[in-house]
Amino acid sequence: MKLATIEELQRVIDNSKKIVFFGGAGVSTESGIPDFRSVDGLYNQKYDYPPEEILSHTFFMKKTEEFYRFYRDKMLCLDKKPNKAHLKLAELERAGKLSAVVTQNIDGLHQAAGSRRVYELHGSVLRNYCRNCRRFYSAEFIKNSEGVPRCECGGIIKPDVVLYEEGLSDSVVTGALNAIQTADTLIIAGTSLTVYPAAGFIRYFRGDTIVLINRDSTPYDSHADLVFRDKVGEVLGQIKVN
């Protein structure tokens, strides 16, 4: 397979009017946030329980304190900053080139970089709610709490993150699919395209060009018009926004 050049990508972006970016964990790893499935990702580290089990609805309900011990340690990366990929996408949106970001990440770095229309398929660590009264709590509150964080009303606080066994938000899914369906260019980056239902979203694309940026091969490489085997920030960072 012939890999694409930055010049080819630049031409695509120059000619596009409605770009949608669909991103996974590989977008955030360049900011120092560990991913789940790579060799040194969370799934290959050792805990009393596998991360898939800890990050499930059942585990949260039954072993809430153990959930929060892992969650504070591994999921709350509040000191991390947006990287070149996040910043370039925000610049493309400001220029009227990019219509939406659809992300599987929960770190809020797209918004921190300045992106305004972001569909967070798996929620965000920055939002936390009491399960009883729905009062909002910040990620800092969760980070600085001990044991099981509780609301003033006594209810348990839960992160607004989609755990295993939980469904995606209908409104977020609808917005994301509408954006993908009406895009002329779809940039898929930093994702293995093996996690469903999110990976199935790209089948809704009806536009002209699919760009795929990922360090490893994906099941969708043969469907893409341009393929890059590189870090997302390294590729997008070279793009000029005209």
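Side chain to side chain, Ser171 and Ser169 meet the donor-acceptor criterion of an N or O pair below 3.5 Å. Tyr129 and Arg131 are not linked by any side-chain donor-acceptor pair at a separation below 3.5 angstrom, with hydrogens and angles left out of the test. Counting only N and O atoms by type, the side chains of Ser28 and Asn105 include a donor and acceptor under 3.5 Å apart. Donor-acceptor pairing under 3.5 Å is lacking for the side chains of Glu120 and Gln104. Between the side chains of Arg72 and Ser145, at least one donor N or O lies within less than 3.5 Å of an accepting N or O. Side-chain atoms of Glu140 and Asn144 form no donor-acceptor pair, as typed in the model, at a separation below 3.5 Å.
Contact between Cys77 and Ile33 at its shortest, heavy atoms only, is CB-CG1, 3.9 Å. Here the closest non-hydrogen pair linking Gly147 and Pro149 is O-CD, 3.4 Å. Summarising the geometry of Leu177 relative to Tyr204, their closest heavy-atom pair is CD2-CD1, 3.6 Å, with the distance given to 0.1 Å. Leu168 and Val173 get closest at one heavy-atom pair: CB-CG2, 3.7 Å. Contact record, Ala224 with Leu212: CB-CB, 3.9 Å, taken as the closest heavy-atom pair. Taking all atoms of both residues into account, the shortest heavy-atom contact from Ala90 to Gly114 is CB-C, 3.8 Å.
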Exercise for the section: Could you please spell out the steps behind the side-chain hydrogen bond (donor to acceptor under 3.5 Å, both in side chains) verdict for Ser192 and Thr194? Expected result: CA-CA 5 Å; Ser192 59; Thr194 55; 2.7 Å; yes
Practice task
Please assess Cys153 against Asn132 for the test side-chain contact (heavy atoms from CB on, under 4.5 Å), listing each intermediate value before the final yes or no.
Solution key: CA-CA 8 Å; Cys153 79; Asn132 284 355; 3.9 Å; yes
Practice task
Could you walk me through whether Tyr164 and Thr58 pass the side-chain contact (heavy atoms from CB on, under 4.5 Å) test, one step at a time?
Solution key: CA-CA 9 Å; Tyr164 289 104; Thr58 299; over 6 Å; no
Practice task
Output, in order, the C-alpha distance, side-chain angles, deciding distance and verdict of side-chain hydrogen bond (donor to acceptor under 3.5 Å, both in side chains) for Ser31 and Asn83.
Solution key: CA-CA 6 Å; Ser31 291; Asn83 60 53; 3.0 Å; yes
Practice task
List the steps, then state whether side-chain contact (heavy atoms from CB on, under 4.5 Å) holds for Ile157 with Val148.
Solution key: CA-CA 8 Å; Ile157 300 168; Val148 178; over 6 Å; no
Exercise for the section: Apply side-chain contact (heavy atoms from CB on, under 4.5 Å) to the pair Lys231 and Thr29, showing each step before the final yes or no. Expected result: CA-CA 9 Å; Lys231 293 179 177 178; Thr29 51; over 6 Å; no
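Of the inter-residue distances, the one linking Asp107 atom CG with Met75 atom CE reads 9.5 Å to the nearest 0.5 angstrom. Atom OH of Tyr119 is separated from atom CD1 of Ile180 by 10.0 Å, given to the nearest 0.5 angstrom. His86 NE2 to Leu236 CG: the interatomic distance, rounded to the nearest 0.5 Å, is 10.5 Å. One distance of note links CD1 of Ile188 with CZ of Phe228; it measures 13.0 Å at 0.5 Å rounding. We find the NZ-CD1 distance between Lys240 and Ile6 to be 10.0 Å, quoted to the nearest 0.5 Å. Remark: Thr191 OG1 to Ile202 CD1 distance equals 8.0 Å, nearest 0.5 Å.
Looking at residues two or more places apart in sequence or on another chain, you find a ring pair (Phe, Tyr, Trp, His ring centres under 6.0 Å) between Tyr220 and His223. Residues that satisfy the salt bridge (charged side-chain N to carboxylate O under 4.0 Å, His left out) test with Asp184, not counting sequence neighbours, are absent from this structure.
A distance-only check finds a donor-acceptor pair linking the side chain of Glu8 to the backbone of Thr5 [under 3.5 Å]. Listed for the Lys97 side chain is a donor-acceptor partner under 3.5 Å among the backbone atoms of Ile13. Distance alone, capped at 3.5 Å, places no donor-acceptor pair between the Gln111 side chain and the Val118 backbone. No side-chain donor-acceptor contact under 3.5 Å links Lys84 to the backbone of Glu234. In this structure, the side chain of Glu30 does not engage the main chain of Ala85 through any donor-acceptor pair within 3.5 Å. Ser138 places a side-chain N or O within donor-acceptor distance of the main-chain N or O of Phe141, the cut-off being under 3.5 Å. Although no hydrogens or angles enter the test, the distance criterion places no donor-acceptor pair under 3.5 Å between the side chain of Ser16 and the main chain of Lys18.
Residues in residues 154-181 take part in these salt bridge (charged side-chain N to carboxylate O under 4.0 Å, His left out) pairs, two or more places apart or across chains: Arg127-Asp160, Lys158-Glu166.
Between Tyr68 and Lys63, every side-chain heavy-atom pair lies at or beyond the 4.5 Å cut-off. The closest side-chain heavy-atom distance from Ile142 to Tyr71 is below 4.5 Å. Contact check for Asp230 versus Arg215: no side-chain heavy atoms found under the 4.5 Å cut-off. Using a 4.5 Å heavy-atom cutoff, the side chains of Thr185 and Asp208 are not in contact. Using a 4.5 Å cut-off on side-chain heavy atoms (C-beta onward), Arg94 and Leu92 make no contact.
At most 12 non-hydrogen atoms from other residues, nucleotides or ligands lie less than 6.0 angstrom from NZ of Lys17.
For Phe60 and Phe67, the gap between ring centers is short of 6.0 Å. Within the 6.0 Å centre-distance limit, the rings of Tyr49 and Phe59 are counted as a close aromatic pair.
Both Val27 and Val101 are assigned to one and the same hydrophobic cluster, defined by single-linkage of ILVMFWY side chains at heavy-atom distances under 4.5 Å. A chain of hydrophobic side-chain contacts below 4.5 Å, direct or via other Ile, Leu, Val, Met, Phe, Trp or Tyr residues, connects Val232 to Leu226. Both Leu98 and Ile187 sit in one connected hydrophobic cluster of ILVMFWY residues. Membership requires side-chain heavy atoms under 4.5 Å apart, directly or through other members. Linking Ile, Leu, Val, Met, Phe, Trp and Tyr residues whenever their side-chain heavy atoms come within less than 4.5 Å places Val20 and Leu121 in a single cluster. When the side chains of ILVMFWY residues are joined at heavy-atom separations under 4.5 Å, either directly or via intervening members, Val235 and Ile19 end up in a single hydrophobic cluster.
Salt bridge status for Glu66 with Arg69: present, with a side-chain N to carboxylate O gap under 4.0 Å. Looking at Lys88 and Glu91, a side-chain N of the basic residue comes within less than 4.0 Å of a carboxylate O on the acidic one, giving a salt bridge.
The residue from Asn214, Asp221, Asp216 that alone fulfils the side chain to side chain donor-acceptor pair (under 3.5 Å) condition with Thr218 is Asp221.
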